[in-house]
2 protein chains.
Amino acid sequence: MSLEKTKQMVKNTDIFFDATESLRAHGIYPTSQRLTIANRLLIKHQHLTAEQIYESIRNDQIKVSQATVYNTLGLFVRKGLLNEIFVDSSKTFYDTNIKPHQHFYNVDTGQLTDIKTPLDTTFMRGDLPPDTLIESVDVVVRIKKYPI
Amino acid sequence: MSLEKTKQMVKNTDIFFDATESLRAHGIYPTSQRLTIANRLLIKHQHLTAEQIYESIRNDQIKVSQATVYNTLGLFVRKGLLNEIFVDSSKTFYDTNIKPHQHFYNVDTGQLTDIKTPLDTTFMRGDLPPDTLIESVDVVVRIKKYPI
DNA sequence: ATTGGAATTAGAATAATTCTAATATTAACC
DNA sequence: GGTTAATATTAGAATTATTCTAATTCCAAT
């Protein structure tokens with residue numbers, strides 16, 4: 001498929017998102033598969049798993065392999081377009097909000113949501129082992145339905 | 001194997017740890033396999049992965065299946081003997097310190113260590129969705145070697 | 001002792017993720 | 001412009017972590 005043909009703008013909540021430009025701005029070559037993924041993921045702030053993205057693509061009868069979804073999400077993370085959030089051994093979420101913030105993970109529903117109040121992530125600065133620096137501060141507050 | 005034969009005390013750092021009693025105290029029937037795992041894991045504060053525990057057992061020529069290691073660790077977590085820590089999609093650590101505390105995860109070495117300064121985990125109380133309660137507050141600070 | 005039922009174990013199945021061989025794309029040269 | 005070489009991308013196959021379930025073990029009651 002020619003690249004020019006895949007170039008498009010996606011309308012969402014009154015703003016236009018140009019996936020091609022967004023990928024190029026992050027040094028990512030905008031292939032058809034990458035645009036397909038970007039156009040469903042990067043259009044707004046959301047938390048999706050690789051599986052959810054893959055299913056969404058399949059539902060629209062578009063053929064992209066699971067491997068490519070994983071490879072592409074990994075690439076987006078390395079290039080700074082996405083944050084990875086590990087909530088348990090079988091669930092990795094991809095968060096399009098790359099600014100530092102924290103999350104609630106509802107163990108009953110499997111939903112990941114943002115925590116509004118920001119955490120002061122400097123609390124452990126004095127404990128940092130020598131010759132190391134902080135890559136990220138990952139906070140997941142596991143919540144569940146109040147038992148009646 | 002008879003249970004009485006497997007009952008034993010393990011010496012470590014000048015204190016004795018009775019795995020049989022510890023399991024019984026948590027409502028866990030102390031089988032031979034469970035004692036094998038408990039005696040390598042619960043003797044001191046440490047962070048090990050299922051794989052590390054399994055390998056440690058195999059190195060001593062003892063036959064326990066991987067499935068049993070996983071099932072047992074899951075049981076210990078449910079019974080409150082262990083904490084599970086998810087650092088990435090392929091690494092689950094089991095922490096024998098069940099008191100709330102936070103961790104450094106060194107992405108270069110794969111080592112998990114405790115953070116001494118405790119975090120005030122009440123920062124998001126006001127953001128808690130209705131009819132939910134907190135199960136745990138999981139904090140992993142990812143660190144790496146300072147680039148020269 | 002013998003049987004019935006529950007608990008435990010581990011082989012087999014599954015699901016998430018990674019690896020690598022194949023394919024597609026770009027660049028360089030004629 | 002066509003051909004070849006180098007590089008980047010994709011996806012089938014392999015791998016690995018984990019879970020499931022059938023088989024086994026253990027205990028209690030008769």
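Residue numbers start from 1 in every chain, and the chains themselves are labelled A, B, ... in the order their sequence lines are given, proteins ahead of strands. FYI, side chains are in, hydrogens and waters are out, and symmetry mates aren't considered; it's all heavy atoms of this structure.
Atom CG of Leu23(A) and atom P of dA8(D) are 17 Å apart (whole Å). In this structure, the CD atom of Gln33(B) is 17 Å from the P atom of dA7(C), given to the nearest Å. In this structure, the CD atom of Gln52(A) is 14 Å from the C1' atom of dA16(C), given to the nearest Å. What separates NZ of Lys63(B) from C1' of dT24(D) is a distance of 14 Å, to the nearest Å. Distance CD1 (Ile28(A)) to P (dT25(C)): 18 Å, rounded to an integer number of Å. Rounding to whole angstrom units, NZ of residue Lys79(B) and P of dA7(C) are separated by 10 Å. Remark: P of dT25(D) and CZ of Arg34(B) are 16 Å apart, rounded to the nearest angstrom. Going from atom OH of Tyr54(B) over to atom P of dG11(C) covers 9 Å, rounded to whole Å.
Residue-environment remark: CG (Asp131(B)) stays at or below the threshold of 12 foreign heavy atoms within 6.0 Å. Heavy atoms of other residues, nucleotides or ligands lying less than 6.0 angstrom from CD of Gln52(B) number more than 12.
None of Thr121(A), Asp114(A), Ile85(A), Val141(A) except one satisfies the side chain to side chain contact (heavy atoms under 4.5 Å, CB included) rule with Gln102(A); the exception is Thr121(A).
Distances from the side chain of Ser90(A) to the nucleotides dT8(C), dT18(D), dA16(C) place dA16(C) closest. Minimum atom distance to the side chain of Val64(B) is reached by dA10(C), of the listed dA10(C), dT10(D), dT9(C). Residue Tyr29(B) has its side chain nearest to dT8(C) when only dT8(C), dA11(D), dT18(D) are considered. Candidate nucleotides dT17(C), dT9(C), dT10(D) were compared by shortest atom distance to the side chain of Ser89(B), and dT17(C) ranks first. Minimum atom distance to the side chain of Ala67(A) is reached by dG12(D), of the listed dT18(D), dT9(D), dG12(D).
Non-hydrogen atoms lying under 4.0 Å from DNA chain D are contributed by Tyr70(B), Asn71(B), all within residues 68-78 of chain B.
In this model, no donor atom of one side chain and acceptor atom of the other lie less than 3.5 Å apart for Thr72(B) and Arg34(B).
The backbone N or O of Leu41(A) lies less than 3.5 Å from a partner atom in the side chain of Gln46(A), making a donor-acceptor pair.
For dT9(C), the OP1/OP2 oxygens have a side-chain nitrogen or oxygen of Thr31(B) closer than 4.0 Å. Between Thr92(A) and dT17(C), a side-chain N or O to OP1/OP2 separation shorter than 4.0 Å is present. Remark: Gln66(B) is not in phosphate contact with dT16(D), judged by side-chain N or O atoms under 4.0 Å from OP1 or OP2.
Residues passing the ring pair (Phe, Tyr, Trp, His ring centres under 6.0 Å) test with His103(B) are His47(B), His101(B), sequence neighbours excluded.
In the hydrophobic clustering (ILVMFWY side chains linked at under 4.5 Å, chained through shared members), Ile98(A) stands by itself.
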